[in-house]
Amino acid sequence: MPEDEQPAGKVDPTVPSVARMYDYFLGGKDNFSADREAAEHIVRISLETGSDIREIARANRGFLIRAVEEVAKSGVRQFLDIGTGLPTQNNVHQVAHRIIPDARVVYTDNDPIVLVHARALLADNPDTVILDGDTRDPKAILEAAAAHLDFSQPVAVLVVAVFHFLADDDEVARIVRTLREPLVPGSYLIISHGYIEENEGIPERLAEAQDVYRKSSSGAMIWRDRDTVRSYFDGLELLEPGVVPAQDWRNDEQFIPPGLEKGGVLGGVGRVP
């Protein structure tokens with residue numbers, strides 16, 4: 001995106017955006033120089049600590065695609081994707097519509113660039129909308145989404161690669177509880193979250209990565225362990241294989257790219273009984 005082609009809204013191109021950095025990791029072009037500089041810093045850190053943030057981003061995207069496919073095949077016709085990020089290939093509505101052509105999808109984000117791009121992409125799609133919503137206010141998101149989704153019927157709620165940008169554990173737990181409250185039996189919760197398998201020998205580089213994100217629009221980057229992520233699904237029927245690295249979740253691919261050994265993203269899907 002040329003520096004002078006800024007969308008309407010409060011956008012500061014000098015402050016890196018995690019949505020635009022993620023776009024860069026996936027090979028996209030909807031980013032500013034500040035985003036690219038911050039993203040390249042994270043790429044260098046990840047490679048030097050035995051992982052590859054670009055492969056992690058691709059693994060996360062693959063998990064989202066497979067999770068939506070599984071849920072759509074179960075018959076769920078409604079999806080709420082919170083913190084969707086910039087549009088790319090195989091968005092939730094595209095995956096869901098291949099299985100259920102009239103599935104209803106609501107995206108939410110509070111990044112002005114995300115909102116502009118998504119609204120342009122979805123202009124001719126009456127079954128899919130994007131709403132301005134902050135993950136920290138899940139009640140407002142649910143109230144706005146209720147104008148487009150019927151919460152008396154099953155809904156799949158996705159929070160993919162979002163919670164690791166919230167530093168407060170209690171806040172994340174509160175958000176999860178709030179999002180689960182209106183979900184009727186047969187609904188699903190889909191979550192992915194950053195994690196690190198081994199911290200030995202690289203704590204200084206992790207602190208460096210956190211400092212990069214601290215200066216971005218997120219203001220934080222927190223890795224949580226499997227038990228914590230698994231706790232978000234307490235009381236739900238956790239689909240096999242449970243909470244696992246994203247690339248391992250129901251993936252039939254024979255080849256797993258290198259760069260995911262030391263950490264990455266955990267993914268899980270829970271069904272409301």
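Side chains included, hydrogens not; waters and symmetry mates left out as well; all remaining heavy atoms used.
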Scan side-chain atoms only and decide if [X] and [Y] contain a donor-acceptor pair under the 3.5 Å cut-off.
| X | Y | value |
| --- | --- | --- |
| Asp225 | Thr228 | yes |
| Asn60 | Tyr22 | yes |
| Asn110 | Arg136 | no |

State yes or no: do [X] and [Y] share one hydrophobic cluster built from I, L, V, M, F, W and Y residues joined by side-chain heavy-atom distances below 4.5 Å, directly or via other members?
| X | Y | result |
| --- | --- | --- |
| Leu26 | Ile53 | no |
| Ile100 | Val129 | no |
| Ile222 | Val172 | no |

Determine the interplanar angle of the Phe163 and His193 rings, folded into 0 to 90°, and report it as parallel if under 30°, tilted if 30 to 60°, perpendicular if over 60°.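 Ring orientation, 0 to 90° scale: tilted.
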
Going by the angle between their ring planes, with limits at 30° and 60°, are Tyr213 and Phe165 parallel, tilted or perpendicular?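 Judged by the thresholds at 30° and 60°, the geometry between Tyr213 and Phe165 is tilted.
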
Identify the heavy atoms of [X] and [Y] that sit nearest to each other, and give their distance.
| X | Y | result |
| --- | --- | --- |
| Lys215 | Pro16 | O-CD, 3.7 Å |
| Leu80 | Ala145 | CD1-CB, 4.1 Å |
| Val162 | Ile82 | CG2-O, 3.6 Å |
| Gln153 | Ser187 | O-OG, 4.3 Å |
| Phe79 | Leu149 | O-CD1, 3.9 Å |
| Asn90 | Val95 | O-CG2, 3.7 Å |

So, are [X] and [Y] salt-bridged, with charged N and O less than 4.0 Å apart?
| X | Y | answer |
| --- | --- | --- |
| Lys73 | Glu70 | no |
| Asp169 | Arg224 | yes |
| Asp170 | Arg174 | no |

Between Arg20 and Phe32, is NZ or CZ placed under 6.0 angstrom from the six-membered ring centre and within 45° of the ring axis?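 Verdict for Phe32: no cation-pi partner in Arg20.
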
What distance separates [X] [atom1] from [Y] [atom2], expressed to the nearest 0.5 Å?
| X | Y | atom1 | atom2 | value |
| --- | --- | --- | --- | --- |
| Arg54 | Ser51 | CZ | OG | 10.5 Å |
| Thr14 | Asp35 | OG1 | CG | 10.0 Å |
| Leu206 | Ile45 | CG | CD1 | 8.5 Å |
| His41 | Ser46 | NE2 | OG | 10.5 Å |
| Phe63 | Ile191 | CZ | CD1 | 9.0 Å |
| Ile190 | Arg271 | CD1 | CZ | 13.0 Å |

Exam field: side chain [X] to backbone [Y], donor-acceptor pair closer than 3.5 Å:
| X | Y | result |
| --- | --- | --- |
| Gln78 | Arg104 | no |
| Asp23 | Asp30 | yes |
| Ser217 | Val18 | yes |
| Asn31 | Met21 | no |
| His164 | Gly194 | yes |
| His148 | Val105 | no |
| Arg66 | Ala246 | yes |
| Asn91 | His93 | no |
| Ser192 | Ala161 | yes |
| Tyr24 | Glu40 | no |

Kindly indicate whether the side chain of [X], heavy atoms from C-beta on, has any atom under 4.5 Å from the side chain of [Y].
| X | Y | value |
| --- | --- | --- |
| Trp249 | Leu239 | yes |
| Trp223 | Leu266 | no |
| Leu236 | Tyr188 | no |
| Glu171 | Thr135 | no |
| Ile113 | Ser17 | no |
| Val272 | Val184 | no |
| Ile141 | Leu131 | no |
| Gln247 | Glu253 | no |

Between His117 and Ile130, does the side chain to side chain contact (heavy atoms under 4.5 Å, CB included) criterion hold? Intermediate values first, please. CA-CA 10 Å; His117 279 262; Ile130 184 161; over 6 Å; no

Taking CD in Glu37 as the centre, count heavy atoms belonging to other residues, nucleotides or ligands within less than 6.0 Å. Is the count above 12?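 12 or below, so no.
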
Go through it in stages, so that I can follow the logic: the residues are Leu142 and Phe151, the test is side chain to side chain contact (heavy atoms under 4.5 Å, CB included), and I'd like the CA-CA distance, side-chain angles, deciding distance and then a yes or no. CA-CA 9 Å; Leu142 292 170; Phe151 281 94; 3.9 Å; yes

Steps toward side chain to side chain contact (heavy atoms under 4.5 Å, CB included) verdict (His97, Ile99): CA-CA 5 Å; His97 286 166; Ile99 299 167; over 6 Å; no

Show, in sequence, the C-alpha distance, side-chain angles and deciding distance for Tyr232 and Val159, and conclude whether the side chain to side chain contact (heavy atoms under 4.5 Å, CB included) test is met. CA-CA 11 Å; Tyr232 303 149; Val159 194; over 6 Å; no

